[in-house]
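Before any comments, here is the structure.
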2 protein chains.
Amino acid sequence: MDAIGSTAPASFCDTCTVRNRAICSDLSRDELAVLNGIGRQRRLSAGEQLIWEGDEAVLVANVVEGLLKLSSSTSDGREQILGIAFPSDFLGRPFGGSTPYGVEALTDAQVCVFERKDFDRFAKEHPRLEHKLLERTLAELDRTRKWMLLLGRMNAEQKLASFLLQAADRASEAGGDGRSFDLQLSRQQIADILGLTIETVSRQMTKMKSQGLIDLPSRRAVTILDREALEDRAE
Amino acid sequence: MDAIGSTAPASFCDTCTVRNRAICSDLSRDELAVLNGIGRQRRLSAGEQLIWEGDEAVLVANVVEGLLKLSSSTSDGREQILGIAFPSDFLGRPFGGSTPYGVEALTDAQVCVFERKDFDRFAKEHPRLEHKLLERTLAELDRTRKWMLLLGRMNAEQKLASFLLQAADRASEAGGDGRSFDLQLSRQQIADILGLTIETVSRQMTKMKSQGLIDLPSRRAVTILDREALEDRAE
DNA sequence: CGCCGACTTGAAGAATTTCAAGGTGTGTGG
DNA sequence: CCACACACCTTGAAATTCTTCAAGTCGGCG
């Protein structure tokens with residue numbers, strides 16, 4: 001509302017809730033204005049696809065709000081979820097090639113989208129942004145590799161226990177008490193993450209409930225009753 | 001044989017066989033000299049460990065020669081190989097944290113090792129190096145995610161077929177004819193890559209041989225007789 | 001109230017692991 | 001040069017785990 005000089009158009013970065021955590025966090029005011037110019041906000045409904053598997057990589061994005069899944073399917077239609085993207089996470093494949101996985105919103109979501117070629121050019125000119133992206137990519141690679149151990153070497157019980165513990169941790173980071181939380185995912189989605197069938201997931205859940213490790217107050221809610229025992233089963 | 005001015009100490013980069021493919025490929029002569037100063041060459045014998053799982057990340061490295069595995073183990077001792085590092089690949093975890101996997105030489109190997117803090121500092125000051133590292137890390141993440149589909153959703157036959165095809169491709173990149181090649185790995189190591197037991201790997205190999213898809217002239221050698229059929233089985 | 005989708009449960013079947021021998025090939029010492 | 005040891009691989013049979021197929025059940029919503 002004031003002096004000459006503050007007449008620049010409002011930037012959606014100004015009100016961005018992940019502004020301090022996403023890869024843009026190290027950028028100056030001016031740099032942000034440029035980035036703001038090449039990006040746009042986009043709302044996604046739950047179930048909406050942002051990127052298709054095998055598409056030429058034409059866009060990249062930052063997650064502002066909501067949850068998205070990265071996934072790939074076998075030719076006979078079974079799906080494997082390769083990762084879940086949370087607010088402030090980066091999506092897509094900069095610098096060439098195609099995106100070897102699909103990206104779909106699991107909940108209603110908001111993302112900040114860039115044309116890949118615009119983003120690539122901007123990134124190459126802004127080493128601090130590239131550095132952030134590198135750190136994020138390295139961290140994501142570590143998480144992904146850790147998940148390979150689960151997929152390759154754990155049985156159903158260990159997979160479920162690991163999954164629930166991680167979900168609890170995530171929920172408590174987001175403000176939960178670390179015991180009761182909401183799975184944001186259907187049984188089928190959990191199965192697709194763990195490389196199991198929906199029936200096996202369901203049976204393991206029921207078993208853990210009957211053994212008093214967890215409670216299942218409603219379909220998507222979980223309460224951890226005996227964290228230690230759960231950690232034992234996750235190994 | 002020379003003039004004054006060529007008295008600089010010989011740099012191991014000068015004779016480096018991966019010089020044009022590794023992350024150092026974009027560096028100038030001077031930059032290379034600095035990097036040369038903070039790194040050192042190291043020979044590893046097959047089976048020798050370079051980095052231990054869970055260690056604080058104190059060093060990073062470039063692979064010059066040989067094959068190394070990245071792996072992680074469950075508490076009951078079963079191992080999952082998370083990746084294989086080839087010449088020109090980068091190893092280790094720059095920018096903080098611990099290394100969540102072990103690195104061990106599969107063959108005699110030569111690596112170019114840096115103290116992590118030296119490398120981190122150098123990298124931050126050399127955006128072109130960071131850019132190379134970013135591209136490499138993104139590519140590795142893609143490969144790793146692709147592997148998750150194999151681990152989570154493929155059966156033993158599909159896993160083996162995929163593995164053999166990929167091994168053949170790698171061998172032909174390195175100069176093979178794409179049909180006959182040497183597995184550089186033991187049956188147990190293949191099992192650890194595919195998330196199977198050694199017996200299952202052995203049975204699948206025998207089955208494919210008896211079906212005329214492949215031949216196994218010696219323990220570690222493979223000849224692909226019917227690539228198309230193999231591709232079918234990999235889906 | 002009844003329908004629908006999501007979830008659970010059961011029983012049978014298939015795939016993989018586990019346990020247990022039995023080969024094969026290479027290198028070493030007699 | 002042979003024999004033996006050892007590591008690595010193969011094979012067989014039983015056991016286990018997970019999937020598949022097939023009914024249910026539950027909970028919300030028109």
Side-chain angles (χ1 to χ4, degrees), chain A residues 46-47 74 76-80 106-107 150-164 182-211 213-222 233-235, chain B residues 45-47 69 73-74 76-81 106-107 150-164 182-211 213-222 233-235:
Chain A
T74 57
D76 62 332
R78 293 178 315 147
E79 177 172 300
Q80 176 66 49
L106 291 174
T107 64
L150 177 145
L151 288 175
R153 289 301 187 202
M154 287 189 184
N155 62 30
E157 181 180 57
Q158 296 170 323
K159 285 180 177 179
L160 242 301
S162 299
F163 172 78
L164 290 174
D182 221 68
L183 294 170
Q184 310 258 34
L185 304 165
S186 72
R187 293 286 186 272
Q188 183 60 62
Q189 285 163 345
I190 296 171
D192 290 341
I193 288 176
L194 300 178
L196 297 170
T197 59
I198 183 172
E199 294 96 331
T200 302
V201 170
S202 183
R203 276 188 257 268
Q204 290 295 331
M205 292 271 225
T206 309
K207 197 180 88 187
M208 287 182 182
K209 179 181 175 179
S210 74
Q211 292 174 340
L213 301 195
I214 60 173
D215 192 24
L216 301 170
S218 81
R219 284 192 168 178
R220 297 226 174 160
V222 179
R233 313 238 163 155
E235 280 196 310
Chain B
S45 306
K69 70 173 184 191
S73 295
T74 57
D76 62 333
R78 291 179 314 147
E79 177 172 299
Q80 177 65 49
I81 293 184
L106 291 174
T107 63
L150 177 145
L151 288 175
R153 290 299 186 204
M154 287 190 184
N155 63 28
E157 182 180 56
Q158 296 170 323
K159 285 180 179 181
L160 243 298
S162 300
F163 172 78
L164 290 175
D182 221 68
L183 294 171
Q184 309 260 33
L185 305 165
S186 72
R187 294 286 186 273
Q188 181 61 61
Q189 285 164 346
I190 296 171
D192 291 340
I193 288 177
L194 300 177
L196 297 169
T197 59
I198 182 173
E199 293 95 332
T200 302
V201 171
S202 183
R203 276 188 258 267
Q204 290 295 332
M205 293 271 227
T206 308
K207 196 180 88 190
M208 289 181 181
K209 179 180 175 180
S210 74
Q211 291 174 340
L213 300 195
I214 59 173
D215 190 25
L216 301 170
S218 78
R219 284 191 168 180
R220 298 226 174 160
V222 178
R233 314 239 161 155
E235 277 193 313

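To find a chain, count down the sequence lines: A is the first, B the second, and so on, and within it residues start at 1.
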Using a 3.5 Å distance criterion without hydrogens, assess whether the side chain of [X] forms a donor-acceptor pair with backbone atoms of [Y].
X: A:Arg187; Y: A:Arg219; value: yes
X: B:Gln80; Y: B:Asp192; value: yes
X: A:Arg78; Y: B:Arg153; value: yes
X: B:Gln158; Y: B:Asn155; value: yes

In whole angstroms, how far is the [atom2] atom of [N] from the [atom1] atom of [X]?
X: A:Gln184; N: C:dA6; atom1: CD; atom2: P; value: 17 Å
X: B:Lys159; N: C:dT17; atom1: NZ; atom2: C1'; value: 12 Å
X: A:Glu157; N: D:dC18; atom1: CD; atom2: C1'; value: 14 Å
X: B:Leu216; N: D:dT11; atom1: CG; atom2: C1'; value: 15 Å
X: B:Leu151; N: C:dT16; atom1: CG; atom2: C1'; value: 15 Å
X: A:Asp76; N: D:dT20; atom1: CG; atom2: C1'; value: 14 Å
X: B:Leu160; N: D:dT10; atom1: CG; atom2: C1'; value: 14 Å
X: A:Leu196; N: C:dA15; atom1: CG; atom2: P; value: 18 Å

Where the side chain of A:Ser186 is defined as all heavy atoms beyond and including C-beta, which of C:dC7, D:dC18, C:dT18 is the nearest nucleotide?
C:dC7

Nucleotide nearest B:Arg187 when distance is taken to its side chain, options C:dC7, D:dC18, D:dT10:
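The listed nucleotide nearest to B:Arg187's side chain is D:dT10.
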
Any residue of residues 200-211 of chain B with a heavy atom less than 4.0 Å from an atom of DNA chain D
B:Ser202, B:Arg203, B:Thr206

Identify the pairs formed between an N or O of the protein and an N or O of nucleotides 22-27 of chain D at a distance under 3.5 Å, and give each distance.
residue	atom	partner	partner atom	Å
D:dC26	O2	A:Arg219	NH2	2.9

Taking all non-hydrogen atoms of both residues into account, name the closest pair between B:Leu194 and B:Leu151 and its distance.
O-CD2, 3.5 Å

Which one of A:Gln211, A:Lys209, A:Arg203, A:Met205 satisfies the side-chain contact (heavy atoms from CB on, under 4.5 Å) criterion with A:Lys207?
A:Gln211

Closer to the 5' end of DNA chain C via nearest nucleotide, is it A:Leu185 or A:Arg153?
A:Leu185

So that I can tick it off, tell me whether B:Lys69 and B:Glu79 are bridged by a salt bridge, with the cut-off set at under 4.0 angstrom between side-chain N and carboxylate O.
yes

Would you check, one step at a time, whether the test side chain to side chain contact (heavy atoms under 4.5 Å, CB included) holds for A:Met208 with A:Leu164?
CA-CA 11 Å; A:Met208 287 182 182; A:Leu164 290 174; 4.1 Å; yes

For the CD atom of A:Gln188 and the CG atom of A:Leu196, what is their distance to the nearest 0.5 Å?
10.5 Å

